[in-house]
Amino acid sequence: MTHLQAGLSPETLEKARLELNENPDTLHQDIQEVRDMVITRPDIGFLRTDDAFILRFLRARKFHHFEAFRLLAQYFEYRQQNLDMFKSFKATDPGIKQALKDGFPGGLANLDHYGRKILVLFAANWDQSRYTLVDILRAILLSLEAMIEDPELQVNGFVLIIDWSNFTFKQASKLTPNMLRLAIEGLQDSFPARFGGIHFVNQPWYIHALYTVIRPFLKEKTRKRIFLHGNNLNSLHQLIHPEILPSEFGGMLPPYDMGTWARTLLDHEYDDDSEYNVDSYNMPVKDVDKELSPKSMKRSQSVVDPTALKRMDKSEEENMQPLLALD
């Protein structure tokens, strides 16, 4: 075991070897192989190329050198293409701070039975008067940056549960195709995290409709890991044990405290709202969406056809088989 693997438990070391093809004898060579590719993309400013940083990209792509490098390049390219998102990329930024305090995202204390971190989002908590959807995305990306420092999570990954209870049609109307693409590109294509499952619960019909809009932009691997549970929490419990879930998800633990993760990031600044300026965060979401949409995405915006919704059935949900482990 090298010093780069020092943070891993024996069980996770074995998992990294079997599932990710991680070999301590060739680890430094693997990292150097990726680092050597940096010169092939002079158009990108690679701000970090140290061993520990590159290693997380190798783990995210099961030590396929080229795929790891492509993810590394996309990570920095995404930041170059969306500079405004990362100008004040810190927990104390007013928009990010308010999103964090409303639980965007939340993080459960217990890991699942595969050692994965469980992130939770309660969609109806979004206060449109105080921060934008882009701020929520920034808060999620900032949180992932902090969490991915843990080598155990680099190997084991994450699970995301989104509760759509009381999420209104008016709120859903702000989830434009450009905004959704921005999120997909930032989370699926440009970040070195392994997501073992994305679970929708209590989703209304219009969220199901939105899923059909974004589905073409998702990789096949991502589509297989999305589960639409609706009000059937029993199907959620088959994948995530109720013993580690809060009561909102039919679990055996007390209701989730939305400020749990925010307090971790903000520490003593959690209750300090002196930086908050409501005027600067009333920018219409459609304007932010237009300004920050990824330049590389060329497809035109999709429109949900209400008549198509009447033809929708449950076959898509029923065809989603539970994925019990990471590939």
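Atoms considered below: every heavy atom in the structure, side chains included; atoms not considered: hydrogens, waters and symmetry mates.
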Enquirer: Quick one: pull up CZ in Phe46 and CD1 in Ile39 and give me the separation to the nearest 0.5 Å.
Expert: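 If I round to the nearest 0.5 Å, the distance is 11.0 Å.
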
Enquirer: Taking the six-membered ring where the residue is Trp, are the ring centres of Trp164 and Phe200 under 6.0 Å apart?
Expert: yes

Enquirer: Report the residue from Lys87, Arg138, Gln98 that forms a side-chain hydrogen bond (donor to acceptor under 3.5 Å, both in side chains) with Asp93.
Expert: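 Of Lys87, Arg138, Gln98, side-chain hydrogen bond (donor to acceptor under 3.5 Å, both in side chains) with Asp93 is met by Arg138 alone.
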
Enquirer: Does atom CG of Asn110 have more than 12 heavy-atom neighbours from other groups under 6.0 Å away?
Expert: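 For Asn110, atom CG is crowded (more than 12 foreign heavy atoms under 6.0 Å).
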
Enquirer: Please check if the distance between the ring centroids of Tyr75 and Phe69 is under 6.0 Å.
Expert: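 Judged by ring-centre distance (under 6.0 Å), Tyr75 and Phe69 do not meet the cut-off.
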
Enquirer: Once the angle between the rings of His241 and His113 is folded into 0 to 90°, is it parallel (under 30°), tilted (30 to 60°) or perpendicular (over 60°)?
Expert: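 The rings of His241 and His113 lie parallel, inter-plane angle below 30°.
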
Enquirer: Give, for atom CE of Met147 and atom CD of Glu152, the distance between the pair rounded to the nearest 0.5 Å.
Expert: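 It is 15.5 Å, given to the nearest 0.5 Å.
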
Enquirer: Would the distance check show the side chain of Tyr78 and the main-chain N or O of Leu182 forming a donor-acceptor pair, the cut-off being under 3.5 Å?
Expert: yes

Enquirer: Taking all non-hydrogen atoms of both residues into account, name the closest pair between Glu149 and Arg48 and its distance.
Expert: OE2-NH1, 4.3 Å

Enquirer: First locate atom CG of Leu144, then atom CG of Leu187, and finally report the distance between them rounded to the nearest 0.5 Å.
Expert: 6.5 Å

Enquirer: Can the ring centroids of Phe122 and Phe249 be said to lie less than 6.0 angstrom from one another?
Expert: yes

Enquirer: Checking side chain to side chain contact (heavy atoms under 4.5 Å, CB included) against Ile161, which of Leu239, Ile198, Ile240 comes through?
Expert: Ile240

Enquirer: Under 6.0 Å between the ring centres of His3 and His28?
Expert: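 Ring centres of His28 and His3 closer than 6.0 Å.
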
